[in-house]
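Okay, structure first, notes after.
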Amino acid sequence: MKTPYKKPSSEKPSHNQIRRPKWAPKQQEEDSVCDAIRRNIGDDSERIRTHEIDIGQLQEQIRRHEDAIRGLKRRRADLNAAEAEIPNLSGPDIPNRARGRLGALMRLLQVLGHASDALSLMDATSRELAVTEAQREIARRISNHEDEIERLRRERDQIQDLLDERVVWMRQHFKAFAVHRCHGNAFNSYRFTPSSRTRHLLT
């Protein structure tokens with residue numbers, strides 16, 4: 001009777017050795033360029049994050065200027081409404097003929113925002129000059145805010161162009177990651193959680 005062949009102990013796998021199942025595909029070695037691709041993804045993700053933060057800050061500044069303009073326009077409307085409430089009567093001796101005139105003048109003073117003498121505004125010419133000056137100041141401030149909004153928008157658009165350009169580069173990195181069959185997921189090399197917009201562009 002033939003004795004069955006026994007493997008020498010040196011050929012037997014040790015108990016602590018991990019055995020690959022026969023069905024498991026052999027993992028290929030990744031290209032040497034993969035490390036450079038991962039670095040590029042990390043570096044560009046940092047630039048993308050910086051651009052997104054800058055755009056967010058500029059957008060917030062624009063919003064504050066727009067709120068200021070809306071406030072000034074409300075003040076101008078209040079000023080016109082308060083001025084329209086005051087009847088144009090001649091002479092200072094008017095208490096019996098224009099009840100509520102002093103109250104209307106006080107409301108106008110409140111809208112004007114300064115402590116002018118109410119009696120000086122009883123004269124139509126004085127009142128018109130005060131209202132005109134206030135409207136001119138409001139218009140000047142609105143114009144300044146609009147100029148600043150325009151400047152901020154130009155700056156924001158320039159940074160948006162840089163961001164879009166960097167996202168194009170990132171798409172190339174992701175494509176190269178797949179072409180070279182780099183191990184893992186390309187997003188694992190991303191240094192920051194990408195915004196929903198950026199993630200949408202990369203997937």
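In what follows, every heavy atom counts, from backbone to side chain, and hydrogens, waters and symmetry copies are set aside.
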Quick one: which residue pairs count as a salt bridge (Lys or Arg N to Asp or Glu O under 4.0 Å) with a foot in residues 186-196, not counting sequence neighbours?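 Only D43-R191, E46-R191 qualify under salt bridge (Lys or Arg N to Asp or Glu O under 4.0 Å).
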Given side chains that start at C-beta, do those of N185 and N188 come closer than 4.5 Å, heavy atoms only?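 Sidechains of N188 and N185: in contact.
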Side-chain contact test, heavy atoms from C-beta onward, threshold under 4.5 Å: evaluate it for Q135 versus N80 and give yes or no.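 Heavy-atom side-chain distance check passes, below 4.5 Å.
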Hey, could you give me the [atom1]/[atom2] distance between [X] and [Y], rounded to the nearest 0.5 Å?
X: E66; Y: E148; atom1: CD; atom2: CD; answer: 12.5 Å
X: R153; Y: L58; atom1: CZ; atom2: CG; answer: 12.0 Å
X: I69; Y: I138; atom1: CD1; atom2: CD1; answer: 13.0 Å
X: S143; Y: L72; atom1: OG; atom2: CG; answer: 11.5 Å
X: L152; Y: R64; atom1: CG; atom2: CZ; answer: 9.5 Å

For [X], check salt bridge (charged side-chain N to carboxylate O under 4.0 Å, His left out) against everything at least two apart and list the hits.
X: D54; value: none
X: R70; value: D67
X: R74; value: none
X: R166; value: D44

For S195, side-chain contact (heavy atoms from CB on, under 4.5 Å) partners two or more places apart: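 Here the qualifying residues are E52, R197, T198.
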Salt bridge (charged side-chain N to carboxylate O under 4.0 Å, His left out) between E137 and R140: does it pass, once the steps are laid out? CA-CA 5 Å; E137 174 62 16; R140 184 188 67 79; 2.6 Å; yes
Provide the full list of ring-ring contact (aromatic ring centres under 6.0 Å, His included) pairs with a residue in residues 146-176, sequence neighbours left out, each pair given once.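 The answer is F174-F187.
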Show me the pairs that pass ring-ring contact (aromatic ring centres under 6.0 Å, His included) and involve residues 34-64, at least two apart or across chains.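 Found none.
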Co-membership, hydrophobic cluster, residues [X] and [Y], 4.5 Å side-chain:
X: V33; Y: I41; value: yes
X: L201; Y: I37; value: yes
X: F192; Y: L163; value: no

With side chain to side chain contact (heavy atoms under 4.5 Å, CB included) as the test, would you mind laying out the steps for I142 and R76 before giving the verdict? CA-CA 11 Å; I142 287 175; R76 183 167 60 191; 4.0 Å; yes
With sequence neighbours excluded, tell me which residues meet side-chain hydrogen bond (donor to acceptor under 3.5 Å, both in side chains) with E150.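 Partners of E150 under the side-chain hydrogen bond (donor to acceptor under 3.5 Å, both in side chains) test: none.
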Any disulfide bond (SG atoms under 2.5 Å apart) involving residues 172-203? Give me the pairs, sequence neighbours left out, ordered by first then second residue.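 Output for this query lists C34-C182.
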With sequence neighbours left out, which residue pairs that include part of residues 139-170 fulfil the disulfide bond (SG atoms under 2.5 Å apart) condition?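 As it turns out, there is no disulfide bond (SG atoms under 2.5 Å apart) pair with a partner in residues 139-170 once direct neighbours are skipped.
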Would you give me the side-chain donor-acceptor pairs under 3.5 Å for residues 154-162, sequence neighbours excluded?
| unit_1 | atom_1 | unit_2 | atom_2 | d |
| --- | --- | --- | --- | --- |
| E155 | OE1 | R151 | NH1 | 3.3 |
| R156 | NH1 | Q59 | OE1 | 2.7 |
| Q160 | NE2 | D164 | OD1 | 2.9 |

What heavy-atom pair brings H183 and F177 nearest, and what distance separates the two atoms?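 Taking every non-hydrogen atom into account, O-CZ, 3.3 Å.
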Side chain to side chain contact (heavy atoms under 4.5 Å, CB included) for R141 and R75? Distances and angles first, verdict last. CA-CA 12 Å; R141 291 171 63 184; R75 185 181 170 197; 3.8 Å; yes
